[in-house]
Amino acid sequence: MKYSRPALVLALALVSAKPTFADDKPKVSVVDSGSFGIVVKGTRVATETFRIEQRGQSSFIVSEIKTDDATQATQTAELELAPNGTLKKYTWRETKPGDASLTVEPQDEQFLTLRIAETSAAPPKVTTHALSPSTSIIDDNFFSQMEVLAWKYMALGCRPGPNGVNECIWNELKLPTLNPHQQEPLLIAMTYVGEVKRNLKGTEHLFKTFKLTGESGEWSLWFNSENKLVRVVIAAENTEVLRD
């Protein structure tokens, strides 16, 4: 299978970064941005607004989730990755109605440190997990992080061909992940299902479809021709996530 625009060109931490000097302002390159509507049993319950960008030698996935009810409960997350795609830091905050927070950072090449604070005034609870920085963060309801995981999978299966076009063979891979809120490491199996023509928002498109399978369930992911996530289906939870 050949693609001239695989996940590699989406620039997420899987290409070499040029050094940034102290006097230079890091160049900001937006890789993807937008919002996902989270629909449960036919009712939209929340919206994730996100931005994925490169700043200097790091890639950042910045997200905000806000419920669509009267409470407008709000959470934010920022995931920072090194040029090789490994974790540099993950920060989550609840900004409404509470002010809880958590961070995940590498302790070294073999362990991740997780700090959780129930309130801004409370001392954080610190735990250490035997996971390497190559572990992907997949937190509750942040589907932009799922997009990033799929890009990693795509990139691992792509190699430059003799004509300069990337050739991709996507076999099943098991990818290590961590859900910080559940404090639960999961090995997620990702499989390329194939290309399908489907009508989405009144227009027919060709989508690349992938399946994620883990102990906590199964997700179906749809990507458009630009390798951007446009739809997630969680059948067991009667949940659908659509790019606005």
Side-chain angles (χ1 to χ4, degrees), residues 3-34 50-63 76-92 102-115 128-139 142-161 164-171 173-180 185-188 190 192 208 210 212 221 223 226-229:
Y3 290 104
S4 58
R5 294 183 53 134
L8 293 172
V9 302
L10 295 177
L12 175 80
L14 297 165
V15 294
S16 298
K18 295 181 180 179
T20 302
F21 298 97
D23 294 335
D24 294 338
K25 290 184 178 179
K27 182 180 179 182
V28 177
S29 176
V30 177
V31 178
D32 192 12
S33 64
F50 69 95
R51 187 176 71 258
I52 303 174
E53 61 187 31
Q54 286 185 304
R55 307 176 207 160
Q57 294 187 15
S58 293
S59 295
F60 290 83
I61 299 88
V62 182
S63 310
T76 64
E78 181 175 281
L79 174 60
E80 181 182 2
L81 302 178
N84 62 357
T86 58
L87 175 68
K88 294 182 75 172
K89 188 175 183 179
Y90 177 64
T91 304
W92 171 90
L102 69 78
T103 61
V104 184
E105 292 182 278
Q107 177 177 300
D108 51 35
E109 293 302 312
Q110 296 180 330
F111 293 93
L112 299 180
T113 299
L114 174 62
R115 294 177 175 86
T128 302
H129 301 264
L131 299 168
S132 78
S134 62
T135 303
S136 295
I137 300 294
I138 301 292
D139 211 346
F142 286 95
F143 293 94
S144 55
Q145 297 169 8
M146 195 170 287
E147 179 176 45
V148 169
L149 179 68
W151 287 352
K152 284 186 178 182
Y153 169 81
M154 292 185 207
L156 288 169
C158 294
R159 297 291 183 273
V165 177
N166 284 296
E167 298 181 355
C168 304
I169 300 175
W170 293 322
N171 297 316
L173 289 179
K174 292 186 177 180
L175 304 170
T177 69
L178 172 66
N179 183 320
L186 290 172
L187 202 59
I188 291 182
M190 190 160 190
Y192 175 58
K208 292 189 286 293
F210 300 83
L212 272 69
L221 277 59
F223 284 79
E226 295 181 327
N227 290 316
K228 294 181 178 180
L229 181 64

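What's counted below: heavy atoms across the whole structure, side chains too, no hydrogens, waters or symmetry copies. Just so we're clear, the structure is a prediction, and the values are computed from it rather than from any experiment. Positions are given from 1 along the sequence.
- When all heavy atoms of Phe50 and Asp32 are compared, the closest pair comes out as CE1-OD2, 3.6 Å.
- The shortest non-hydrogen separation linking Glu53 to Val30 is CB-CA, 4.0 Å.
- Within a 6.0 Å radius of NZ in Lys88, more than 12 heavy atoms belonging to other residues, nucleotides or ligands are found.
- Heavy atoms only, all atoms of each residue included: Trp170 and Met154 are closest at NE1-O, 3.0 Å.
- Ser136 and Leu149 get closest at one heavy-atom pair: OG-CD1, 3.5 Å.
- Although no hydrogens or angles enter the test, the distance criterion places a donor-acceptor pair under 3.5 Å between the side chain of Thr135 and the main chain of Ser132.
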Could you walk me through whether Leu79 and Leu87 pass side-chain contact (heavy atoms from CB on, under 4.5 Å), step by step?
CA-CA 8 Å; Leu79 174 60; Leu87 175 68; 3.5 Å; yes
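- The CG atom of Leu186 sits 4.5 Å away from the OG1 atom of Thr177 when rounded to the nearest 0.5 Å.
- Classification of the Phe223-Phe210 ring pair by plane angle, with boundaries at 30° and 60°, yields perpendicular.
- Distance CD1/Ile52 to CZ/Phe60: 13.0 Å, rounded to 0.5 Å.
- Between atom CD1 of residue Ile61 and atom CD of residue Glu147 there is a gap of 9.5 Å, rounded to the nearest 0.5 Å.
- To the nearest 0.5 Å, the span separating CD on Glu105 from CG on Leu112 amounts to 10.0 Å.
- In this structure, Thr91 and Thr76 have side chains that are not in contact, with every pair of non-hydrogen atoms separated by 4.5 Å or more.
- A side-chain donor-acceptor contact under 3.5 Å links Lys152 to the backbone of Gly85.
- For the atom pair CD (Glu78) and CZ (Arg51), the distance works out to 8.5 Å, reported to the nearest 0.5 Å.
- In plain terms, the two heavy atoms of Arg159 and Ala155 that are nearest each other are NH1-O, 3.8 Å.
- The nearest pair of heavy atoms linking Ile138 to Pro180 is O-CD, 4.3 Å.
- A search for ring pair (Phe, Tyr, Trp, His ring centres under 6.0 Å) contacts involving Tyr90 returns nothing, not counting sequence neighbours.
- Proximity of Leu221 to Tyr153: side-chain heavy atoms (C-beta onward) are nowhere separated by under 4.5 Å.
- The distance from the CD atom of Gln145 to the CG atom of Asp139 is 5.5 Å, given to the nearest 0.5 Å.
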